[in-house]
Structures are given as C-alpha cells and as structure tokens.
Amino acid sequence: MLTHPPVAVSFHKGAVSANPEPVAIQPAGCCYWEPAEKGRLATQPPDHANCSVGSYTHGLINLEAAAAADDTAALLNSGWVGESDLANAPHLPFRPGMISYEPLVAANQPDVVLLRLSPYALMTLQGACPQIRLVTKPQCQIVPLAYAGEMVVSLGCAVSRARTNLPAGELTCAFHGSALAEIVGRLERSAATDHAVAEYAVASDRQHFM
C-alpha cells in the first residue's frame, strides 16, 4: 500500500547536550521529510530558518517574528494567505531544542508519524480511521496538529509541493506516534474487508456482465 517508508518526527526539548552531525540545510522543514526516509536527520532551529511559517508552526519562532519576515510578507502580499490565517495557524506549544527526522522503523517512541499516501492508500486509511481530518495550507500545520493528537491528511500546499517535488498523486498524513499500534490494527482489518468486497464485486461483475 505504501510506496515510501513512514517517517518519524521527534521533538527534543531544551538545549541539545551534544552537537549532532550537521545536516544539509533545506528551504523548509517539509523538505527534511523525504531525505529522512533513508536515514536520521538531527535538525536544530537554524536549520529551519529559511521558512518563517514553518518555523512558527514548529514552535521555533513566535508569531511576531514570523509575521515580520520577508518570506511571510511575500505570501501575505500575494493573497495566498491572510493575516488571520497566520494568526490562527496551529503551532507547537514549546520551542524544541532539536527536531529529528528518521525512518519509522529506526525510531523509538516518536512524537509524530508521517505517511505519504496515494488516493487508494488514503481510501483504506480513512475506512480504518474515519476520524481523519483534511487540512489545507500550509502543509506544515499537520505536524503540530498530529502532536496535539489529531489524525490529519494534507493535500499539500503550493509552496511545499514546489519545494519538495511531491508527486501530484500523493498526499501526506500525520498522526501522533502513540496511536501507531492502534492504527496498524485498524488498517489490517480495513484492508482485509476492502479486499473481500473488491473480490466480491469483480466476481459478481464477471457473472453478470462478461
């Protein structure tokens, strides 16, 4: 069902006790998601500084600093978002000293899990977890929403898709790491049911229409 490995996001509060290995600086926090499919990235607040909105949603800067930044001004002046959208954007309730991204299989009790989904995979996931909520721009808001306990899926946003080259047929889902075991159990049951009814439909069609 998944063509990309899930990514785990963990927030480390307070000062970093040891200097992590430097990472390749990206244009925005969402740009760390795909590289983290292959290995661990230990990012510090300056590593996110190229995207002020993302830095705000991840708790790295306050609203005033985000609103005063040139890149935010460009988004506001274009009409892509309004001041109220920025003011109401979800954000982490604390400032992480470090944010790590890594393959889920290598993570220990991550705070947030990210999935790249096809429409088919989203269909199966929504059948298993009907509480999943669709959110709009900016895409990075899915991280604080998932940390707060919501299960959300994003269509992406023009800025994030341009920076990450996310394929048109893929979406991004996020949920709290503590929900992983329950979601996997639900998915196994939902996928089995989907398979059974799909087989029934095909067999019925063959009998009546072929």
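Residues take their numbers from the sequence shown, with the count starting at 1. For the numbers below, each heavy atom of this structure counts, side chains included, while hydrogens, waters and symmetry mates do not. Everything quoted here is computed from the prediction, not taken from an experiment.
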(message) If you define the side chain from C-beta out and look only at heavy atoms, does anything of Met123 sit under 4.5 Å from Asp194?
(response) yes
(request) Start with the C-alpha distance between Leu125 and Ile132, add both sets of side-chain angles, then the distance that settles side-chain contact (heavy atoms from CB on, under 4.5 Å), and finish with yes or no. (result) CA-CA 8 Å; Leu125 183 60; Ile132 193 169; 3.9 Å; yes
(request) Answer yes if the side chains of Thr164 and Glu34 hold a donor-acceptor pair under 3.5 Å, and no otherwise. (result) no
(request) State the CG-CG distance between Leu155 and Leu134, to the nearest 0.5 angstrom. (result) 4.5 Å
(request) Please confirm whether the backbone N or O of Gly156 pairs with a side-chain atom of Ser160, one donor and one acceptor, at under 3.5 Å? (result) no
(message) For Leu60, is there any backbone N or O sitting under 3.5 Å from a side-chain donor or acceptor partner on Ser55?
(response) no
(request) Identify the heavy atoms of Met98 and Arg40 that sit nearest to each other, and give their distance. (result) CE-NH2, 4.0 Å
(request) I would like to know whether Ser10 and Asp111 meet side chain to side chain donor-acceptor pair (under 3.5 Å); could you show each step before the answer? (result) CA-CA 5 Å; Ser10 300; Asp111 292 306; 4.7 Å; no
(request) Could you tell me whether His4 atom NE2 has more than 12 heavy atoms of other residues or ligands within 6.0 Å of it? (result) yes
(message) I'd like to check Pro6 versus Arg116 (side-chain heavy atoms, cut-off strictly below 4.5 Å). Are they in contact?
(response) no
(request) Please step through side-chain contact (heavy atoms from CB on, under 4.5 Å) for the pair Leu114 and Leu104, ending with a clear verdict. (result) CA-CA 9 Å; Leu114 298 171; Leu104 178 60; over 6 Å; no
(request) Kindly indicate whether the side chain of Pro90, heavy atoms from C-beta on, has any atom under 4.5 Å from the side chain of Thr57. (result) no
(message) For residues Leu187 and Val7: do they belong to one hydrophobic cluster (side chain heavy atoms under 4.5 Å, members Ile, Leu, Val, Met, Phe, Trp, Tyr)?
(response) no
(request) Please report the closest heavy-atom contact between Asp47 and Ala42, naming both atoms and the distance. (result) OD2-O, 4.3 Å
(message) Does the plane of the ring in His48 sit parallel, tilted or perpendicular to the ring in His58? Use 30° and 60° as the thresholds.
(response) tilted
(message) Using every non-hydrogen atom in the two residues, find where Ser154 and Leu171 come nearest and quote the distance to one decimal.
(response) O-CB, 3.4 Å
(message) Tell me whether the count of non-hydrogen atoms from other residues, nucleotides or ligands lying under 6.0 Å of OH in Tyr120 goes above 12.
(response) no
(request) To the nearest 0.5 angstrom, please state how far the CD atom of Glu170 sits from the CG atom of Leu117. (result) 8.5 Å
(message) Nearest 0.5 angstrom please: Gln139 CD to Leu166 CG, how far?
(response) 6.5 Å
(message) Are more than 12 heavy atoms, taken from residues, nucleotides or ligands other than Gln131, located less than 6.0 Å from that residue's CD atom?
(response) yes
(message) For Asp70, I'd like to know if atom CG has over 12 heavy atoms of other residues, nucleotides or ligands within 6.0 Å.
(response) no
(message) Thr72 and side chain to side chain contact (heavy atoms under 4.5 Å, CB included): which single residue from Asn77, Val81, Leu86 fits?
(response) Leu86
(request) Mind checking the CD1-CE spacing from Ile142 to Met151? Nearest 0.5 Å is all I need. (result) 11.0 Å
(message) Apply side-chain contact (heavy atoms from CB on, under 4.5 Å) to residues Val9 and Glu102 and explain how you reach the verdict.
(response) CA-CA 7 Å; Val9 183; Glu102 62 191 319; over 6 Å; no
(request) Looking only at non-hydrogen atoms, find the nearest pair between Arg186 and Ala128 and report the distance. (result) CD-O, 3.2 Å
(message) If hydrophobic clusters are built by linking Ile, Leu, Val, Met, Phe, Trp and Tyr wherever their side-chain heavy atoms come under 4.5 Å apart, do Val184 and Val112 end up in the same one?
(response) no
(request) Treating Ile, Leu, Val, Met, Phe, Trp and Tyr as nodes and any side-chain heavy-atom pair under 4.5 angstrom as an edge, say whether Val197 and Val202 lie in one connected cluster. (result) no
(message) Once rounded to the nearest 0.5 Å, what's the spacing between atom CG of Leu41 and atom CH2 of Trp33?
(response) 13.5 Å
(message) Assigning hydrophobic clusters by single linkage (Ile, Leu, Val, Met, Phe, Trp, Tyr; side-chain heavy-atom cutoff under 4.5 Å), is Val23 placed with Val143?
(response) yes
(message) When you compare the side chain of Pro45 with that of Arg95, does any pair of heavy atoms fall below 4.5 Å?
(response) yes
(message) Working note: Lys137 + Val159, criterion side-chain contact (heavy atoms from CB on, under 4.5 Å); need CA distance, chi angles, decisive distance, verdict.
(response) CA-CA 9 Å; Lys137 55 190 175 185; Val159 174; over 6 Å; no
(message) Please give me the minimum heavy-atom distance between Cys157 and Trp80, naming the atom from each residue.
(response) CB-CZ2, 3.7 Å
(request) Before giving the answer on ring pair (Phe, Tyr, Trp, His ring centres under 6.0 Å), spell out for Tyr147 and Phe175 the whole-Å C-alpha distance, their side-chain angles and the decisive distance to 0.1 Å. (result) CA-CA 7 Å; Tyr147 182 82; Phe175 55 85; over 10 Å; no
(request) Check whether any side-chain heavy atom of His12 sits under 4.5 Å from a side-chain heavy atom of Ser100, and report yes or no. (result) yes
(message) Closer than 3.5 angstrom, by distance alone: can the side chain of Asp71 be matched with the main-chain N or O of Ser52 as a donor-acceptor pair?
(response) yes
(request) Establish whether Tyr56 and Phe94 are linked, either directly or via other cluster members, by ILVMFWY side-chain heavy-atom contacts under 4.5 Å. (result) no
(request) Kindly say whether Gln26 contributes a backbone atom to a donor-acceptor pair with the side chain of Tyr32 at under 3.5 angstrom? (result) yes
(request) Locate the shortest heavy-atom distance separating Gly54 from Cys140; write the atom from each residue and the value. (result) CA-SG, 3.8 Å
(request) Side-chain contact test, heavy atoms from C-beta onward, threshold under 4.5 Å: evaluate it for Pro96 versus Ile99 and give yes or no. (result) yes
(request) Spell out, as yes or no, whether a donor-acceptor pair under 3.5 Å connects the side chain of Ser190 to the backbone of Thr124. (result) yes
(request) Report the distance from atom CZ of Phe11 to atom CG of Leu92, rounding to the nearest 0.5 Å. (result) 4.5 Å
